[in-house]
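Whatever order the structure lists them in is the order used to number ligands and atoms, beginning at 1. Worth knowing before you read on, the calculation uses all heavy atoms, side chains too, and leaves out hydrogens, waters and symmetry mates.
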Amino acid sequence: MKLLTVGSVAFDAIETPFGKTDKIVGGAGTYICFSAAFFLKEQGIISVVGEDFPSETLQELKEKGVNLDGLQIIQGGKTFFWSGKYHNDMNSRDTLATELNVLGTFDPIVPENYQDVDYLLLGNLSPEVQRTVIERLVKRPKLIAMDTMNFWMDIALEELKKTIKLVDVIIINDEEARQLSGTYSLVKAASIIQAMGPQIVIIKKGEHGALLFHGEKIFYAPALPLEEVFDPTGAGDTFAGGFMGYIASTDDFSFENMKSAIIAGSALASFCVEKFGTNRLKEITTTELNNRIARFVELSHFQMKEI
Ligand code: AMP
């Protein structure tokens with residue numbers, strides 16, 4: 001198996017200045033898998049849902065090549081529920097509810113047929129669960145990437161640091177990088193985080209793109225200037241899924257290839273925000289994706305004569 005993701009499969013209720021949803025399907029793991037599926041015919045997920053989770057979504061994931069042997073369905077259990085409300089600028093949001101439900105007692109079992117996995121993506125979950133999966137893999141994957149959030153820094157910093165030490169890539173946003181490193185400059189923050197373990201630090205800056213720190217080397221990718229952002233939920237997970245899906249499908253984690261992976265992730269994330277939930281992500285065509293990647297190339301390409 002090329003890529004294994006550990007991440008929440010959830011119900012979300014979202015409020016943005018454009019509208020409001022009741023419970024819709026969300027979860028970091030869901031966004032990651034739909035996104036990585038653009039590059040991979042087969043991938044796996046370790047997660048948990050309750051018996052209230054729609055079988056149609058599980059079927060859609062299967063049709064995209066997601067193996068669900070690692071997805072536990074707890075009879076009588078309720079699926080994780082998260083609710084958030086975005087502010088007018090869409091860059092910040094308030095969490096209105098986090099109901100862990102079946103995620104609260106989640107024991108991530110690694111099925112036998114996942115043991116040969118090449119690339120591992122630890123979605124935003126408790127650092128203990130993330131670390132348990134690393135420990136339960138008999139053979140270390142070629143590359144381990146993780147996402148996390150300020151929530152874990154606030155309540156489980158020491159546990160989080162233990163997990164960070166074990167991974168090769170950390171993908172976080174600018175505020176999280178500042179909180180984790182205790183410094184404002186993102187360049188300094190990246191080097192402090194590198195000293196914690198991961199040699200590759202990716203800092204997402206929302207509508208301002210993403211920075212890649214790869215050892216000593218740095219790359220900056222813009223975000224596509226969009227006229228309208230409808231719902232930013234899952235954009236970070238979509239980015240991570242596209243990034244790791246691209247790396248796993250090319251089996252190359254050199255600096256040069258990581259630049260392309262970042263653009264692939266950014267292009268997919270730019271679609272994700274156009275509609276509520278995973279809706280837009282599920283309908284993107286290869287032509288649309290290629291056209292958007294071409295816009296990224298145009299956006300960041302220029303020639304200049306020597307002065
Ligand atoms: P993002 O917008 O990239 O931060 O991801 C949003 C997704 O993360 C939503 O679909 C939520 O279901 C999921 N989520 C939010 N909080 C948590 C949490 N504490 N643990 C796991 N997943 C979460």
Side-chain angles (χ1 to χ4, degrees), residues 5-16 21-36 45-50 52-53 57 61 78-87 90-106 108 121-130 133 145-156 159-160 163 171-177 202-207 210 223 229-244 265-266 268-282:
T5 294
V6 187
S8 53
V9 174
F11 283 128
D12 292 344
I14 304 159
E15 203 176 323
T16 79
T21 67
D22 285 330
K23 272 188 175 182
I24 57 167
V25 166
T30 317
Y31 283 100
I32 289 171
C33 287
F34 276 127
S35 181
I45 183 165
I46 292 182
S47 192
V48 63
V49 292
D52 53 351
F53 195 75
T57 306
L61 285 163
K78 274 179 78 182
T79 300
F80 172 75
F81 172 69
W82 175 83
S83 161
K85 182 178 175 178
Y86 288 86
H87 301 162
M90 292 291 223
N91 281 327
S92 50
R93 70 182 178 203
D94 294 324
T95 290
L96 303 178
T98 300
E99 294 171 16
L100 289 178
N101 300 327
V102 290
L103 210 54
T105 50
F106 179 41
L121 175 50
L122 303 168
N124 170 33
L125 273 181
S126 98
E128 286 103 315
V129 168
Q130 292 178 318
V133 174
M146 74 178 282
D147 183 10
T148 189
M149 70 191 291
N150 47 3
F151 178 73
W152 305 114
M153 294 172 202
D154 292 338
I155 67 160
E159 282 299 321
L160 180 62
T163 304
I171 306 173
I172 47 180
N173 73 30
D174 42 3
E175 281 320 305
E176 291 156 355
I202 297 174
I203 302 181
K204 299 167 290 176
K205 289 158 61 68
E207 61 178 329
V229 172
F230 197 75
D231 169 21
T233 308
D237 309 309
T238 303
F239 172 89
F243 173 80
M244 279 300 272
S266 305
L268 284 163
S270 76
F271 284 109
C272 172
V273 303
E274 290 178 351
K275 284 191 181 171
F276 271 123
T278 54
N279 289 335
R280 185 67 178 102
L281 208 50
K282 287 190 286 195

(Q) With a 4.5 Å cut-off on side-chain heavy atoms, are Leu103 and Val48 touching? (A) yes
Q.
List the residues meeting side-chain hydrogen bond (donor to acceptor under 3.5 Å, both in side chains) with Asp22, not counting sequence neighbours, and say none if there are none.
A. none
Q: Applying side chain to side chain contact (heavy atoms under 4.5 Å, CB included), name anything that partners Ser47, two or more places apart in sequence or on another chain.
A: Val9, Ile45, Leu71
Q | Donor-acceptor under 3.5 Å (Asp52 side chain, Thr79 main chain) | A | yes
Q: Go through the structure and list residues passing ring pair (Phe, Tyr, Trp, His ring centres under 6.0 Å) with Phe53, not counting sequence neighbours.
A: Phe11
Give one line per pair: atom of ligand 1, protein atom, distance. Only N/O to N/O under 3.5 Å.
unit_1	atom_1	unit_2	atom_2	d
ligand 1	2 (O)	Arg93	NH1	2.9
ligand 1	2 (O)	Gly234	N	2.8
ligand 1	3 (O)	Asp237	OD2	2.9
ligand 1	4 (O)	Arg93	NH2	2.9
ligand 1	5 (O)	Asp237	OD2	2.7
ligand 1	10 (O)	Asp12	OD1	3.4
ligand 1	10 (O)	Asp12	OD2	2.4
ligand 1	10 (O)	Gly27	N	2.7
ligand 1	12 (O)	Asp12	OD1	2.7
ligand 1	12 (O)	Gly27	N	3.4
ligand 1	22 (N)	Ser8	OG	2.8

Q.
Has Thr163 got a side-chain atom pairing as donor or acceptor with Pro127's backbone, closer than 3.5 angstrom?
A. yes
